2 protein chains.
Amino acid sequence: MKLSKRGEYAMRALIDLAIAQALGRALLPLSELSEKEQIPAAFLEQILFQLRSAGIVASVRGKHGGYCLAKPTDQIRFGEIIRLIDGPLAPIRCVSQVAYARCTCPDEAHCGLRMLMLDVRNAVAGILDKYTLADVADVTLRKLRRDKVPSPFVPPAELAALFDAPGPARPTRRARVHPVVPQGQP
Amino acid sequence: MKLSKRGEYAMRALIDLAIAQALGRALLPLSELSEKEQIPAAFLEQILFQLRSAGIVASVRGKHGGYCLAKPTDQIRFGEIIRLIDGPLAPIRCVSQVAYARCTCPDEAHCGLRMLMLDVRNAVAGILDKYTLADVADVTLRKLRRDKVPSPFVPPAELAALFDAPGPARPTRRARVHPVVPQGQP
DNA sequence: CGTTAACCTGACCGTTCAAGTCAGGTTTCA
DNA sequence: TGAAACCTGACTTGAACGGTCAGGTTAACG
């Protein structure tokens with residue numbers, strides 16, 4: 001019942017992005033994510049590429065570029081993330097909703113193992129498909145404040161300066177949401 | 001969140017043993033289990049060895065030998081089986097009760113991912129540590145009867161004969177529960 | 001008393017996959 | 001133009017999974 005490192009890293013990065021967004025910094029460079037979560041940069045890059053291809057994050061190229069969420073935080077569910085990175089939630093394929101496959105047992109309707117695993121799958125999916133990035137970011141921030149822990153992502157003196165000098169604060173470049181997929185399908 | 005084949009096979013075999021026991025045949029030879037569940041015999045043997053070492057099944061050697069459960073069916077929980085074969089139930093180690101290990105995040109108390117995964121772990125463990133072989137065997141048998149499906153394990157004409165000729169029907173040999181472990185520890 | 005059906009046990013093996021690295025792109029800002 | 005960032009595919013390496021093999025030991029039965 002393991003979660004892969006890829007999956008773990010993906011969720012950590014996304015949660016970071018959600019929290020940062022809630023604190024007013026939508027765009028984070030790879031380096032910052034990689035450093036905060038102690039994830040090898042090249043590896044995280046790979047994962048973020050996958051997340052971008054799936055339309056979950058967006059990116060801005062060039063200097064001062066970075067990654068941000070491509071959808072509202074309350075529309076990104078953990079089930080979606082894990083399914084993307086690690087595949088079906090179900091412990092065995094014959095109870096998967098998304099990727100059903102027959103198993104070796106001769107009679108699914110009377111398979112004890114199947115009943116049990118269906119229960120497990122439903123419990124897991126129930127949780128993972130219920131909570132969104134918004135939920136987790138919210139609870140986390142509340143906990144941090146309650147315990148008076150200094151918030152992360154209070155940016156590197158750069159945005160702090162912007163605080164003093166208000167205004168429409170730099171025109172925020174448009175982020176690329178989709179990869180430029182030149183697939184030969186009309 | 002996958003369950004390994006080993007784990008799957010272990011549970012299938014144990015459920016079979018439980019059902020057979022409920023039907024009056026405690027002892028099943030490897031060949032029968034392997035055939036009914038379509039599991040390579042040598043592989044299943046390996047798994048049963050592991051289950052025996054853990055005191056979950058017992059075995060009888062020699063001709064007409066086989067495997068049976070080493071404990072009452074209502075004292076074998078699925079959590080125990082999976083933990084034995086596949087390791088901890090928790091998706092990530094930092095939420096495991098049985099095999100906790102620290103993860104890379106700097107502050108567990110405020111880790112959003114951890115909260116979520118703890119939820120998942122508890123849901124899974126809640127199910128797997130609640131149901132026993134007795135439960136599943138019970139439900140399965142009831143379903144089979146309800147749907148008028150012929151019960152499995154009505155033995156190979158051998159016990160059927162014993163039915164006709166009653167009596168204390170062979171003195172049921174004692175099964176070895178523990179491996180003869182010659183470990184050098186006093 | 002030997003044959004045979006069963007369990008016992010460790011060693012081995014091929015494939016897949018996870019985790020991560022590398023090497024070069026391209027884009028944008030200063 | 002140079003540096004900082006993202007883009008992308010190819011590669012590597014080690015472990016784990018799923019399974020096989022070989023050679024035991026034990027016990028029933030004719």
Side-chain angles (χ1 to χ4, degrees), chain A residues 2-10 13 27-35 37-53 57-68 70 85-87 92 104 156 158 170-182, chain B residues 1-10 13 27-35 37-53 57-68 70 85-87 92 104 156 158 170-183:
Chain A
K2 283 267 149 308
L3 174 69
S4 74
K5 283 294 180 195
R6 280 182 89 89
E8 182 186 328
Y9 293 165
L27 200 66
L28 293 183
L30 176 72
S31 56
E32 196 169 343
L33 286 169
S34 136
E35 190 179 343
E37 297 294 348
Q38 301 279 44
I39 304 171
F43 191 32
L44 182 55
E45 209 169 359
Q46 229 182 65
I47 297 167
L48 285 168
F49 175 60
Q50 198 174 350
L51 290 173
R52 193 172 75 98
S53 301
V57 305
S59 62
V60 173
R61 302 185 91 173
K63 211 165 181 176
H64 305 317
Y67 293 90
C68 61
I85 305 278
D86 278 5
I92 46 182
T104 55
E158 187 186 0
R170 60 164 68 173
T172 54
R173 272 181 289 153
R174 242 283 172 272
R176 277 209 305 174
V177 172
H178 254 314
V180 187
V181 194
Chain B
M1 319 301 262
K2 286 267 148 311
L3 175 69
S4 72
K5 282 291 178 197
R6 282 182 87 91
E8 181 186 328
Y9 292 165
L27 202 65
L28 294 183
L30 176 71
S31 57
E32 197 169 343
L33 286 169
S34 133
E35 190 178 345
E37 297 293 349
Q38 302 278 45
I39 304 171
F43 191 32
L44 181 56
E45 211 169 358
Q46 229 183 64
I47 297 167
L48 285 168
F49 175 59
Q50 198 174 350
L51 290 173
R52 193 173 74 98
S53 302
V57 306
S59 62
V60 174
R61 301 185 90 172
K63 211 165 181 174
H64 304 317
Y67 293 90
C68 60
I85 305 277
D86 278 5
I92 46 182
T104 55
E158 186 187 2
R170 59 165 68 175
T172 53
R173 273 180 288 150
R174 235 308 166 246
R176 278 208 304 173
V177 172
H178 254 313
V180 187
V181 193
Q183 288 184 0

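Values in this document were obtained by computation on a predicted structure and should not be read as measured data. Order of the sequence lines fixes the chain letters, A, B, ..., with proteins taken first and strands second; residue numbering starts at 1 for each chain.
In this structure the side chain of A/I85 reaches within 4.5 angstrom of the side chain of A/Q50, judged on heavy atoms.
D/dG9 atom P lies 12 Å from atom CD of A/Q50, rounded to whole Å. Atom CG of A/L44 and atom C1' of C/dA19 are 13 Å apart (whole Å). Atom pair B/K5:NZ and C/dT16:P shows a separation of 16 Å (rounding to whole Å applied). Rounding to whole angstrom units, CD1 of residue A/I47 and C1' of D/dT8 are separated by 15 Å. Atom CG in A/L48 sits roughly 13 Å away from atom P in D/dT8 (whole-Å rounding). Between the OH atom of B/Y67 and the P atom of C/dA6 there is a distance of 12 Å, given to the nearest Å. The interatomic distance linking B/R52 (CZ) with D/dT25 (P) rounds to 16 Å, in whole Å. Rounded to a whole Å, the CG atom of A/L33 is 12 Å from the P atom of D/dA5.
Counting all heavy atoms, side chain and backbone alike, A/D86 lies closest to A/L3 at OD2-CD1, 3.4 Å. Listed here is the closest heavy atom pair of B/A10 and B/L51: CB-CD1, 4.3 Å. Contact detail for A/L44 and A/A13: the closest heavy-atom pair is CD1-CB, 4.2 Å. Of all the heavy atoms in A/A41 and A/L30, the pair that sits closest is O-CD2, 3.9 Å.
Across D/dG18, C/dC8, C/dA19, the shortest atom-to-atom separation from the side chain of A/F43 is found for C/dA19. Across C/dG20, C/dC29, D/dG19, the shortest atom-to-atom separation from the side chain of A/Y9 is found for C/dG20. Here the side chain of B/K63 is nearest to one of D/dC7, C/dG20, C/dT4, namely C/dT4. Side-chain atoms of A/P29 lie closest to D/dA5 of the nucleotides C/dA19, D/dA5, C/dA6. With distances taken from any side-chain atom of A/R61 to the nucleotides D/dA28, C/dG25, C/dC8, the minimum falls on C/dG25. Of the candidates D/dG18, D/dC7, C/dA19, D/dC7 carries the atom nearest the A/S59 side chain, counting heavy atoms from C-beta on.
Every side-chain contact (heavy atoms from CB on, under 4.5 Å) that B/Q46 has, sequence neighbours left out, goes to B/R6, B/F43.
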Verdict with reasoning, A/K5 to A/E8, per side-chain contact (heavy atoms from CB on, under 4.5 Å): CA-CA 5 Å; A/K5 283 294 180 195; A/E8 182 186 328; 3.6 Å; yes

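Interatomic distance, CG of B/L27 versus CD of B/E32, reported as 10.0 Å (0.5 Å rounding).
Panel note: side chain A/S59, backbone A/Y67; no donor-acceptor pair is recorded below 3.5 Å. Between the B/S34 side chain and the B/P40 main chain, no donor and acceptor come within less than 3.5 Å of each other.
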Please tabulate the protein-to-nucleotide N/O contacts below 3.5 Å involving nucleotides 10-12 of chain C, giving atom names and distances.
residue	atom	partner	partner atom	Å
C/dA11	N6	B/Q46	NE2	3.4

Could you write out each protein N or O paired with an N or O of nucleotides 14-16 of chain D at a distance under 3.5 Å?
none

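Mapping B/P40 and A/E45 onto DNA chain D by nearest heavy atom places A/E45 at the nucleotide closer to the 5' end.
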